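On a predicted model such as this, the values are computed, not experimentally measured, just so you know. Positions are given from 1, in the same order as the sequence printed here.
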Amino acid sequence: MALLPPEEIKALEAKHGADLLVIHITDGADVSLVFKPATAAHWRRLNAADKRVLAGDDAAAMVPELIARELLVHPTKADLDAIRDEAPWIAENAGRALVGRVGQKFKASVGES
């Protein structure tokens, strides 16, 4: 695996859309992970899973990794699994970063007028 050059990222954007999340891993590996955007359904799934974890459902802690795996467009899922086995935090953080981007096109303020 190797870091993706800008022209390959552009090709993935042409195929999957311009709002891809690209994570370059350079310490311990040279690899680029590329993900399609998450949706509101992913946000709801992660929100519900976080509540289940608080209630003692340890299996729900896997949801961020599963979201990242589901939205991965580069490299392969097997490659992501190998990276996850070496550094589990990468897949979890990717899933949370993807969900954290949902709805960012809106600006809102809550308070009195």
Look up atom CG in Leu4 and atom CG in Asp30, then write down how far apart they are to the nearest 0.5 Å. 11.5 Å
Could you go through residues 63-73 and list every donor-acceptor pair under 3.5 Å that involves a side-chain atom there, pairing it with any protein atom two or more places apart or in another chain?
| from | atom 1 | to | atom 2 | distance (Å) |
| --- | --- | --- | --- | --- |
| Arg69 | NE | Asp81 | OD1 | 2.9 |
| Arg69 | NE | Asp81 | OD2 | 3.4 |
| Arg69 | NH2 | Asp81 | OD2 | 2.9 |
| Glu70 | OE1 | Arg45 | NH1 | 3.0 |
| Glu70 | OE1 | Arg45 | NH2 | 3.2 |
| Glu70 | OE2 | His42 | NE2 | 2.9 |

Would you say Asp58 has more than 12 foreign heavy atoms packed within less than 6.0 Å of its CG? no
Hydrophobic clustering (ILVMFWY, side-chain heavy atoms < 4.5 Å, transitive) - are Leu80 and Trp89 grouped together? yes
Could you tell me whether Glu86 atom CD has more than 12 heavy atoms of other residues or ligands within 6.0 Å of it? no
Quick check for you: to the nearest 0.5 Å, what is the distance between Ile90 atom CD1 and Asp85 atom CG? 11.5 Å
How many angstroms lie between atom CZ of Arg84 and atom CG of Leu33, to the nearest 0.5 angstrom? 12.5 Å
Taking the side chain as every heavy atom from C-beta outward, state whether Val31 and Ile83 have any atom pair closer than 4.5 Å. yes
After noting the C-alpha distance and the side-chain angles of Val102 and Arg44, does the key distance pass the side chain to side chain contact (heavy atoms under 4.5 Å, CB included) rule? CA-CA 10 Å; Val102 172; Arg44 287 188 290 276; over 6 Å; no
Any chance NZ of Lys51 has more than 12 other-residue heavy atoms, nucleotides or ligands included, within less than 6.0 Å? no
Please list, one pair per line, the donor and acceptor atoms closer than 3.5 Å that link side chains of residues 10-24 to other protein atoms, with sequence neighbours excluded.
| from | atom 1 | to | atom 2 | distance (Å) |
| --- | --- | --- | --- | --- |
| Asp19 | OD1 | Arg101 | NH2 | 2.8 |
| His24 | ND1 | Ser32 | OG | 2.7 |

